[in-house]
*Asks:* 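The structure that follows is given in the form of structure tokens.
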Amino acid sequence: MTLSVVLIYAAILSILIGSFFSIVGVIGLLKFSKPMVRLHAPTKVGTIGIGMMLLASILTSIARGDASMHELLIMAFLFVTAPVSANFIAKVNIHTRNCDPLPDPERDDTWSTLETPSEE
């Protein structure tokens with residue numbers, strides 16, 4: 001088995017994994033009703049699903065002998081922007097009160113300090 005055949009099989013496996021995550025993300029987007037719950041499914045598709053498909057594109061181009069860096073740049077852009085956009089969507093839902101209110105934090109005076117809690 002040559003290197004190009006191994007790369008093609010790895011690309012096929014990457015496409016299958018990426019397709020699986022894309023299908024799961026679409027089902028999650030259609031099934032869940034609240035915006036904060038629906039937010040989780042598309043972010044996984046954006047990172048894992050599309051990332052695996054871009055990896056398959058990289059492996060295929062290496063197997064053909066004309067590798068390029070475009071897929072790596074697209075992947076880096078997706079991995080940086082997907083969590084930021086998900087954070088902004090979550091903040092908008094919290095500030096417009098479209099979701100359940102956040103629970104009150106527990107009473108703890110040492111959570112953001114280096115002090116140890118006193119025994120009472």
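Not measured: the values here are computed from a predicted model. Worth knowing before you read on, the calculation uses all heavy atoms, side chains too, and leaves out hydrogens, waters and symmetry mates.
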*Asks:* Which pair of non-hydrogen atoms, one from Ala56 and one from Ser14, has the smallest distance, and what is that distance?
*Replies:* CB-CB, 3.8 Å
*Asks:* Mind checking the CD1-CG spacing from Ile17 to Leu13? Nearest 0.5 Å is all I need.
*Replies:* 4.0 Å
*Asks:* Quick check on the hydrophobic clustering: are Phe20 and Leu16 connected, directly or via other members, by side-chain heavy-atom contacts under 4.5 Å?
*Replies:* no
*Asks:* Starting from the C-alpha separation in whole Å, work towards a yes-or-no answer on side chain to side chain contact (heavy atoms under 4.5 Å, CB included) for Ser22 and Met53.
*Replies:* CA-CA 10 Å; Ser22 297; Met53 290 186 192; 3.7 Å; yes
*Asks:* If two hydrophobic side chains count as joined below 4.5 Å and joins carry through other members, does Leu72 share a cluster with Phe77?
*Replies:* no
*Asks:* Measuring from Ile48:CD1 to Leu55:CG, what's the distance to the nearest 0.5 Å?
*Replies:* 13.0 Å
*Asks:* Ser61 and Ile58: which non-hydrogen atoms are nearest, and at how many Å?
*Replies:* OG-O, 2.8 Å
*Asks:* Identify whether Ile62 and Ile15 are in the same connected component of the hydrophobic contact network (ILVMFWY, side-chain heavy atoms under 4.5 Å).
*Replies:* no
*Asks:* With the 4.5 Å side-chain cut-off for hydrophobic clustering, are Met52 and Met69 part of the same group?
*Replies:* yes
*Asks:* Return the OG1 to CD1 distance between Thr60 and Ile8, rounded to the nearest 0.5 Å.
*Replies:* 5.0 Å
*Asks:* For a side chain to side chain contact (heavy atoms under 4.5 Å, CB included) check, start with the C-alpha distance between Ile50 and Met75, then their side-chain angles and the critical distance, and finish with the verdict.
*Replies:* CA-CA 8 Å; Ile50 296 175; Met75 201 179 299; over 6 Å; no
*Asks:* Answer yes or no: is there a side-chain heavy-atom contact under 4.5 Å between Met1 and Tyr9?
*Replies:* yes
*Asks:* Please report the shortest heavy-atom distance between Ala11 and Leu59, naming the atom on each side.
*Replies:* N-CD1, 3.8 Å
*Asks:* Considering residues, nucleotides and ligands other than Phe79, do more than 12 of their heavy atoms fall under 6.0 Å from its CZ?
*Replies:* yes
*Asks:* Using side-chain heavy atoms (C-beta onward) and a distance below 4.5 Å, is Leu78 in contact with Leu54?
*Replies:* yes
*Asks:* Check for me, please, whether Ile12 and Ile23 land in the same ILVMFWY cluster - side-chain distances under 4.5 Å, paths through other members count.
*Replies:* no
